[in-house]
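Just the heavy atoms: all of them, side chains too, but no hydrogens, waters or symmetry mates, feed the values below. Keep in mind the model is a prediction, meaning the values are calculated, not measured. Throughout, residue positions are numbered sequentially from 1 according to the sequence presented.
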Amino acid sequence: MRKPLVAANWKMHGSDQFLETYFPALEQAIDSDKVEVVIFPPAVYLQKAAGLCQQLQAGAQDVSQHSEGAFTGEVSATMVSDVGCRYVLVGHSERRIRHRESSKTVAEKFLAAVGQGLVPVLCVGESLEEREANRTLAVVQSQIQSVIDLAGLEQLTNAVIAYEPVWAIGTGKTASPEQAQEVHRAIRDMLGPAGQHTRIVYGGSVKAENAMTLFNQPDIDGGLVGGASLKVDEFAAICGSV
Ligand code: 13P
């Protein structure tokens with residue numbers, strides 16, 4: 001049985017004060033026997049977030065592929081683990097596109113994370129152009145293959161995969177449950193028998209109103225939520241939809 005996982009990617013939002021109201025309110029609202037809930041705040045708030053977690057977990061939105069050194073502005077996997085976090089996002093499309101992270105770099109970040117005992121949430125997904133050219137599965141499979149090539153299949157099946165079609169992020173356009181299910185199934189097939197226990201979550205304009213139909217699909221094990229995760233009541237409702 002795969003335990004559902006719902007995660008909040010705050011991106012570059014939040015404040016010290018926001019953490020203080022958000023975390024206790026969400027702790028009250030969720031049941032961690034039914035769903036694992038992970039919050040990804042900006043890096044400067046990770047230590048505070050980890051300290052506020054009871055049932056919740058905190059994770060970093062990104063991590064360096066390097067272990068230490070002259071990398072101004074970067075945060076290492078050791079540091080993320082040191083402040084009490086267990087999860088880390090790698091390969092979010094905003095980093096692949098805006099920060100030009102290649103699939104090879106993403107795979108290196110994945111490996112750095114598992115090397116420190118963190119659980120990476122590997123984000124994959126196609127652009128609108130790629131979907132319209134019928135290249136969705138090829139793109140997603142190649143993003144995943146880069147991680148398998150560097151880290152090995154077993155590390156990947158122990159991680160979490162987030163399918164986030166780029167055209168559905170922050171646009172209000174959600175993949176239909178059938179479109180998402182098709183990609184999730186293809187990802188699971190690619191992982192082989194061990195993939196039966198791998199959690200594959202969906203991201204892209206998930207809201208309280210569409211979460212349940214998405215999470216009802218057999219291969220969708222939860223969600224990675226951006227905008228709607230900033231409203232604690234709405235995010236709690238999404239967590240309750242699993
Ligand atoms: P939205 O939920 O705002 O579309 O963002 C999705 C996302 O990028 C989560 O990582």
Side-chain angles (χ1 to χ4, degrees), residues 3-64 71-95 98-99 109 112-113 116-123 159-160 162 164 169-170 199 201-209 211 215 221-242:
K3 185 171 186 178
L5 184 146
V6 179
N9 178 7
W10 286 6
K11 308 192 179 183
M12 202 169 72
H13 296 283
S15 65
D16 200 57
Q17 165 94 63
F18 184 68
L19 262 83
E20 279 171 21
T21 52
Y22 187 100
F23 275 75
L26 192 60
E27 286 284 358
Q28 285 285 319
I30 62 154
D31 178 354
S32 60
D33 288 338
K34 300 209 171 95
V35 56
E36 190 168 357
V37 179
V38 188
I39 313 297
F40 293 97
V44 288
Y45 299 122
L46 282 177
Q47 184 155 23
K48 176 160 180 148
L52 288 168
C53 287
Q54 292 165 12
Q55 308 184 70
L56 298 168
Q57 312 238 23
Q61 295 176 10
D62 182 35
V63 70
S64 174
F71 302 102
T72 302
E74 299 280 288
V75 171
S76 74
T78 320
M79 294 167 186
V80 173
S81 159
D82 197 27
V83 297
C85 295
R86 196 164 158 249
Y87 284 92
V88 63
L89 296 181
V90 294
H92 192 282
S93 62
E94 284 150 21
R95 296 213 55 94
R98 293 171 181 251
H99 298 265
K109 290 182 172 209
Q116 288 306 319
L118 298 172
V119 180
V121 178
L122 171 68
C123 304
V160 177
E164 298 202 302
I169 295 178
R199 288 177 298 179
V201 301
Y202 170 81
S205 297
V206 175
K207 299 185 175 55
E209 68 191 43
F215 299 168
D221 305 313
L224 179 56
V225 187
S229 76
L230 296 169
K231 294 174 231 146
V232 72
D233 293 345
E234 174 151 19
F235 185 63
I238 294 170
C239 295
S241 306
V242 294

Worked check of side chain to side chain contact (heavy atoms under 4.5 Å, CB included) between K11 and I169:
CA-CA 12 Å; K11 308 192 179 183; I169 295 178; 3.5 Å; yes

Taking distance alone, no hydrogens or angles, what donor-acceptor pairs closer than 3.5 Å link side-chain atoms of residues 44-54 to residues at least two apart or in another chain?
from, atom 1, to, atom 2, distance (Å)
K48, NZ, D16, OD1, 3.1
K48, NZ, D16, OD2, 3.3
K48, NZ, E20, OE2, 2.4

Could you measure the distance from the [atom1] atom of [X] to the [atom2] atom of [Y]? Nearest 0.5 Å is fine.
{"X": "Y202", "Y": "D221", "atom1": "OH", "atom2": "CG", "answer": "15.0 Å"}
{"X": "K109", "Y": "S76", "atom1": "NZ", "atom2": "OG", "answer": "12.0 Å"}
{"X": "S32", "Y": "Q57", "atom1": "OG", "atom2": "CD", "answer": "9.0 Å"}
{"X": "D62", "Y": "E94", "atom1": "CG", "atom2": "CD", "answer": "11.5 Å"}
{"X": "R95", "Y": "Q61", "atom1": "CZ", "atom2": "CD", "answer": "9.0 Å"}
{"X": "L26", "Y": "D233", "atom1": "CG", "atom2": "CG", "answer": "9.5 Å"}

Residue pair [X] / [Y]: nearest heavy atoms and the distance that separates them:
{"X": "V6", "Y": "G222", "result": "CG2-CA, 4.5 Å"}
{"X": "A8", "Y": "Y22", "result": "CB-OH, 3.9 Å"}
{"X": "G59", "Y": "V38", "result": "N-CG1, 4.2 Å"}
{"X": "V225", "Y": "V206", "result": "CG1-O, 3.7 Å"}

Under 3.5 Å donor-acceptor, E36 side chain and L5 backbone
no

Say whether, by atom type as modelled, one donor and one acceptor occur between the side chain of Q55 and the main chain of E27 under 3.5 angstrom.
yes

Does K3 NZ have over 12 foreign heavy atoms under 6.0 Å away?
yes

Please evaluate residues H92 and N9 with respect to the criterion side chain to side chain contact (heavy atoms under 4.5 Å, CB included), reporting the C-alpha separation (whole Å), side-chain torsions for both, the decisive distance (0.1 Å), and the verdict.
CA-CA 10 Å; H92 192 282; N9 178 7; 3.5 Å; yes

Start with the C-alpha distance between F235 and I39, add both sets of side-chain angles, then the distance that settles side chain to side chain contact (heavy atoms under 4.5 Å, CB included), and finish with yes or no.
CA-CA 11 Å; F235 185 63; I39 313 297; 4.0 Å; yes

